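Encoded as structure tokens, the structure appears first; notes follow it.
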Amino acid sequence: MKLATWNVNSLKIRLPQLLNWLAARQPDVVCLQETKLPDQDFPREAIAAAGYHFACSGQKTYNGVALLTREAPSDIVFGNPLFPDEQKRLLTATVQGICVVSAYVPNGQAVGSDKYAYKLAWLDALARWLAERLAATPRLVLAGDFNIAPDDRDVHDPDAWAGQILCSDPERAAFRRLLDLGLKDSFRLFDQPEKSFSWWDYRMLGFQKNRGLRIDHILLSEPLAARCSAASIHREVRKLERPSDHAPVIAELAC
DNA sequence: ATGGTAGCCGCGCTA
């Protein structure tokens with residue numbers, strides 16, 4: 001079973017790339033972020049024609065999350081019941097007996113800003129809710145754009161980024177708190193190339209210079225981590241013409 | 001040095 005997450009930065013713009021990537025890689029479950037379109041504009045026909053069911057929680061211009069699944073999803077939950085939020089950033093469904101959560105964690109803009117406080121509060125509420133969900137559903141996947149580089153290995157220039165947004169200690173502590181729930185970072189279950197990143201700034205030739213961060217993650221609960229056989233980043237997608245600034249991330253489970 | 005690029009129905013904001 002292939003699980004994937006991808007921040008597409010506008011599903012409307014990236015739909016042709018998404019369809020090509022689905023056909024080439026055949027993931028079973030895909031968590032999407034930054035769809036940036038209201039649910040009535042979701043490309044339901046194209047997704048169905050590609051062979052996927054879907055659930056979506058979108059809004060215009062900003063945010064928006066979705067799930068694409070080979071098997072029909074059930075028990076769809078919009079947002080976090082513990083954290084009322086106008087911003088569409090969280091979507092959960094049960095697929096093939098697994099609780100799958102697609103998350104678009106707030107960026108936070110700058111350490112100390114109002115948006116930073118919102119990010120930390122959002123993550124605190126996520127951890128509290130996931131603790132409940134894990135008690136009820138031990139097989140759980142949390143995948144998405146976390147907007148956190150968990151470790152200096154995940155940063156192209158750790159000295160330049162030290163203490164900055166996406167790398168600050170409180171953000172990393174919030175990430176560790178998710179791991180402390182019993183979740184494993186699937187990417188780090190395996191040896192990986194040095195300087196593996198999932199996001200590169202559009203500006204200043206960020207991708208060409210590999211000035212990136214690994215901020216997109218697939219976290220697996222223990223029963224799923226025990227079955228995880230591979231994890232990788234589909235970096236080649238970032239090389240396409242008019243790419244998202246994020247590359248897809250994949251984890252494979254032996255069934 | 002606070003730049004630069006992309007996407008949004010926009011006339012700045014978010015990332």
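Just so you know, these numbers use all the heavy atoms, side chains as well, and skip hydrogens, waters and symmetry mates. Quick note on labels: first sequence line is chain A, next is B, and so on, each numbered from 1. Just so it is clear, the structure is predicted and the values come from calculations on it, not from any experiment.
In this structure, A:Arg211 reaches neither bases nor backbone, as no heavy-atom distance under 4.0 Å exists between it and the strands shown.
When the C1' atom of B:dG7 is taken as reference, atom CD of A:Gln33 falls 16 Å away, rounded to whole Å. Counting to the nearest Å, the C1' atom of B:dG3 and the CE atom of A:Met204 are 7 Å from each other. Computed from coordinates, the A:Gln164 CD to B:dT2 P distance equals 16 Å when rounded to whole Å. Between A:Asp41 atom CG and B:dC8 atom P there is a gap of 11 Å when expressed in whole angstrom units.
Taking the side chain to side chain donor-acceptor pair (under 3.5 Å) definition, one finds that A:Tyr52 meets it with nothing, sequence neighbours left out. Applying the ring pair (Phe, Tyr, Trp, His ring centres under 6.0 Å) criterion to A:Phe187, with sequence neighbours excluded, gives no partner residue. Considering only residues two or more places apart in sequence or on other chains, A:Phe146 meets the ring pair (Phe, Tyr, Trp, His ring centres under 6.0 Å) condition with A:Phe175, A:His217. By the side chain to side chain donor-acceptor pair (under 3.5 Å) test, A:His234 is found to be paired with A:Trp21, A:Arg25, residues two or more places apart in sequence or in another chain being considered. Residues passing the side chain to side chain donor-acceptor pair (under 3.5 Å) test with A:Asp154 are A:Arg188, A:Arg214, sequence neighbours excluded.
Using a 4.0 Å cut-off, some side-chain N or O of A:Arg242 falls inside it from OP1 or OP2 of B:dG7.
Among residues at least two apart or in separate chains, side-chain hydrogen bond (donor to acceptor under 3.5 Å, both in side chains) pairs with a member in residues 125-142 of chain A are A:Asp124-A:Arg128. Sorted by first then second residue, the side-chain hydrogen bond (donor to acceptor under 3.5 Å, both in side chains) pairs that include residues 64-78 of chain A, not counting sequence neighbours, are A:Gln26-A:Arg70.
Comparing the same atom, C1', in B:dC8 and in B:dC13 gives a spacing of 9 Å after rounding to whole Å. The gap from the C1' atom of B:dC11 to that of B:dA1 amounts to 28 Å, rounded to the nearest Å. Look at the C1' atom in both B:dA6 and B:dG12: the space between them is 14 Å, to the nearest Å. When the C1' atom is used for both B:dT2 and B:dA15, the distance is 16 Å, rounded to whole Å. Using P as the reference atom, B:dT14 and B:dC9 are 15 Å apart when rounded to the nearest Å.
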Between the protein and nucleotides 9-15 of chain B, list every N/O to N/O distance that falls short of 3.5 Å.
unit_1	atom_1	unit_2	atom_2	d
B:dC13	O2	A:Tyr62	OH	3.4

Query raised in the report: Could you write out DNA chain B as a dot-bracket string, with dots for unpaired bases, | for bases paired across to another strand, and Watson-Crick or G-U pairs counted at under 3.5 Å?
Result: ....(((.....)))
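Distance alone, capped at 3.5 Å, is enough to place a donor-acceptor pair between the A:Asp39 side chain and the A:Gly58 backbone.
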Requested in this report: Walk me through it: do A:Lys36 and A:Asn9 pass the test side-chain hydrogen bond (donor to acceptor under 3.5 Å, both in side chains)?
Outcome: CA-CA 7 Å; A:Lys36 295 188 174 179; A:Asn9 187 18; 2.8 Å; yes
